[in-house]
Number of protein chains: 2
Amino acid sequence: MSVSQNDIAKAAGVSQRAVSFALNGKPNVSQEKRDEILRVARKLGYRVNTSARAMRKQSTEAIGLLVQHFNVGDSFFMGINKTLQDAGYYTLIEQFTGVLQLDEKPARLVLENVVDGLIIINSDASLVELLHNKFANLINRTVWLESSHFADFGCIQRDEDGVCQQAVKRLAERGFRRLIYIEDIADLDVLPVPFDGSKPYTGGLHYSSHQRRESVQKYAQQIGIEVDAMDAHTRTTRDGIEQLQTLLNQQTQTKTAVVAYDYRMADWCFHQLAIKGLVCPKDYALMALDELRFYKQELHWQELTRLSFNRVKAGQMAAQMVLDMVCHDAQPKSVRIGGDWVQGKTLEQATD
Amino acid sequence: MSVSQNDIAKAAGVSQRAVSFALNGKPNVSQEKRDEILRVARKLGYRVNTSARAMRKQSTEAIGLLVQHFNVGDSFFMGINKTLQDAGYYTLIEQFTGVLQLDEKPARLVLENVVDGLIIINSDASLVELLHNKFANLINRTVWLESSHFADFGCIQRDEDGVCQQAVKRLAERGFRRLIYIEDIADLDVLPVPFDGSKPYTGGLHYSSHQRRESVQKYAQQIGIEVDAMDAHTRTTRDGIEQLQTLLNQQTQTKTAVVAYDYRMADWCFHQLAIKGLVCPKDYALMALDELRFYKQELHWQELTRLSFNRVKAGQMAAQMVLDMVCHDAQPKSVRIGGDWVQGKTLEQATD
DNA sequence: CTGTTAGCGCATTCAC
DNA sequence: GTGAATGCGCTAACAG
């Protein structure tokens, strides 16, 4: 069996209170007793019982992470976990698919008093309602990271609009007068089934899908730049590339750039066009509105011009925000985070 | 404050024992009392206090996930979390960098009695020693997933050797008599620093880096196929592509295929060679030994011939294994999991 | 400055 | 079939 504070107290010939105080670095224990207690504790291999402490303190010192899917979360996770670790908090992670139901397993995180606070990544509106209706006590201890929900406090989003504005502005500066905006809004109902037979993510489209297209068009129009927007549907059909090729062939004298929704979309364009014999940047210019990468250097394709969103930092911010809520009952203001411009060779006239 | 079983007992006019028994579906409570208790519990919005239960049951019903980095874990996470959820267990996640020290934050997971079992992903030998020396009680409740450690039980690895054998065999069948094996063993000391200023992963090379090269060479040699092995160093220098191009140009009459360590390496080859004007599969054949993707369809590059490792399933196996250990004191046999051959257009003579 | 003691919420044993 | 009583390991109020 594991050794308790009581065991230490007996072994060291002191009271259990002294042990608790010594272990937690509190005053009112003489230095010699403190030293002796720590010595014995180490010798006996004492380890706190987190459950007991949590019960007593009415706080689990754990933060829950509710995610729709894991495949975009890695950089967020790193930032979040690092910050929580440093603050002495545990990270409890739970995946839910689509709309979270109260009777589902992932809901235990909020149902069973296991977390002091919550970080919710990539959620849609349904979860907001659920939390507001059923868990009002949690709502001001919840941070919404990259979720469609954006209220006065507790929300962190990438500044989609600002990023698009920056992209259009930079392209205009480089003389581009026509943009082909390409994204990949999959029809969620017809997505193929993953390996394990489970349902694919059906929580609705990420809000950025609409936002980026709209914002690019808006800012391009303001400066008088022409935009052709298209949807590649790479996950359901395979014919997007012909459409893109046709659009590129319409390129007359007007300098044209392909603006991809994100790194993957750009990747797909590059690959598919290469198969068709079109080489970037010789035959066309290309940039991505989002990078979706962990370490900067992990994007092998350093030639890609892109707006990179620092998700590690965003994760750190989210964790700090939830800690402020939990520890100081604060209501930290919501923020939108901009993107970092990374100039690569896939854009002609690289002048900076 | 939150409502306890005692509150329910008072409200329903029964004893607390009855409440506990009713809520946990145990016998020795009359049906009418049971119904009434459940009704009251629902009305009052009762939620279990996980800490109290854990303390009483001497088991937290939580499994810890110790990871070196998050960026390869997504598919593992999905499988693991799903299986643990279904079994009613929580998933506690903690990242550690390089060699885990006892006085470091991530070690709290094992230090503080917060988990019933452990899944360790991508660890090197140092952690094995640590656990054996200091936490003998945890060692037979630990599953090593994709870690360099491979003992009699509790280990799950991709069958590196078998996968390479399969790759060589299939390439031989298709008439390839020369292979260029390419990988990317970065010099870890000179890796650029990530966004956040933190140290990059320095836990040593993943064992597969050595294994794949060796196995490919071994099996090729057995059949009399020539192998040129090279290291691209894409993360530190940029000149790997010239070497690859040179090797490809040496292609005389012998049918040659490029065998990439993983999807990313293949991706890099494809991109860089495209920039040089070399198109796949016209100018060269290409395959990857590992896919590293979440959903099958998420690899936009469906043309890539690859050996795909089902990490979601591996994650499920890992979770099941740790549950068997925790719940039934079992010592499940270690396993090596093979790869699935996915035939794409990047390999000529696709005949199956 | 130190020891005693009372719960935190739950599962379970024991007497009835 | 049921209620009273116990203790898990810990923190903190209280008394000495």
Side-chain angles (χ1 to χ4, degrees), chain A residues 1-38 40-41 44-62 88 90 108 111-116 137 327, chain B residues 1-38 40-41 44-62 88 90 108 111-116 137 327:
Chain A
M1 229 13 255
S2 76
V3 18
S4 70
Q5 292 189 356
N6 231 322
D7 300 331
I8 301 178
K10 280 180 204 151
V14 296
S15 75
Q16 191 237 323
R17 189 201 79 102
V19 177
S20 175
F21 274 52
L23 289 174
N24 292 310
K26 296 206 173 168
N28 296 339
V29 177
S30 67
Q31 190 57 44
E32 41 187 333
K33 275 201 180 178
R34 186 183 301 273
D35 293 342
E36 171 65 5
I37 287 168
L38 291 178
V40 173
L44 263 48
Y46 170 79
R47 303 185 268 154
V48 219
N49 184 317
T50 314
S51 309
R53 161 186 289 170
M55 180 160 87
R56 187 60 242 235
K57 295 182 63 162
Q58 302 283 52
S59 142
T60 57
E61 313 229 315
Y90 290 109
R108 296 178 313 148
L111 280 174
E112 299 187 357
N113 296 317
V114 281
V115 291
D116 293 344
N137 60 324
C327 305
Chain B
M1 231 11 256
S2 77
V3 17
S4 72
Q5 291 189 356
N6 234 321
D7 299 331
I8 301 179
K10 279 180 204 152
V14 298
S15 74
Q16 186 244 320
R17 186 198 80 105
V19 176
S20 174
F21 274 51
L23 289 173
N24 292 309
K26 298 208 172 166
N28 296 338
V29 178
S30 67
Q31 190 57 44
E32 42 188 332
K33 275 203 181 179
R34 187 184 300 272
D35 293 341
E36 173 64 6
I37 287 167
L38 291 178
V40 174
L44 264 49
Y46 169 79
R47 303 187 265 154
V48 220
N49 183 315
T50 314
S51 310
R53 162 186 288 171
M55 180 160 85
R56 182 60 238 235
K57 295 180 60 160
Q58 301 283 53
S59 142
T60 57
E61 312 229 317
Y90 291 109
R108 298 179 311 150
L111 281 174
E112 300 186 357
N113 296 316
V114 280
V115 292
D116 292 344
N137 61 324
C327 304

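Here is the naming used below: chain letters follow the sequence lines, and residue numbers restart at 1 for every chain.
Considering every non-hydrogen atom in both B/Ala22 and B/Val29, the closest pair reads N-CG2, 4.2 Å.
When the side-chain nitrogen and oxygen atoms of B/Ser15 are compared with OP1 and OP2 of D/dG3, one or more of them lie within a distance under 4.0 Å. For C/dA11, one of the phosphate oxygens OP1 or OP2 lies less than 4.0 angstrom from a side-chain nitrogen or oxygen of B/Gln5.
For B/Glu32, there are no side chain to side chain donor-acceptor pair (under 3.5 Å) partners at least two apart in sequence or on another chain. Residues that satisfy the side chain to side chain contact (heavy atoms under 4.5 Å, CB included) test with B/Thr50, not counting sequence neighbours, are A/Glu112, A/Val114, B/Tyr90. With sequence neighbours left out, B/Lys10 forms a salt bridge (charged side-chain N to carboxylate O under 4.0 Å, His left out) with no residue at all. Residues meeting the side chain to side chain donor-acceptor pair (under 3.5 Å) test with A/Asp35, sequence neighbours left out: A/Gln31. With sequence neighbours excluded, no residue forms a side chain to side chain donor-acceptor pair (under 3.5 Å) with A/Glu61. Applying the side chain to side chain donor-acceptor pair (under 3.5 Å) rule to A/Arg53 yields the partners A/Asn24; only residues at least two apart in sequence or on another chain are considered.
Axis orientation changes by 50° from one end of the helix from C/dC1-D/dG16 to C/dC16-D/dG1 to the other, with each end axis drawn from 5 pairs and the value rounded to 10°.
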Between protein and nucleic acid, restricted to nucleotides 13-16 of chain D and to nitrogen or oxygen atoms under 3.5 Å apart, what atom pairs and distances do you find?
none

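What separates CZ of A/Arg56 from C1' of C/dA6 is a distance of 8 Å, to the nearest Å.
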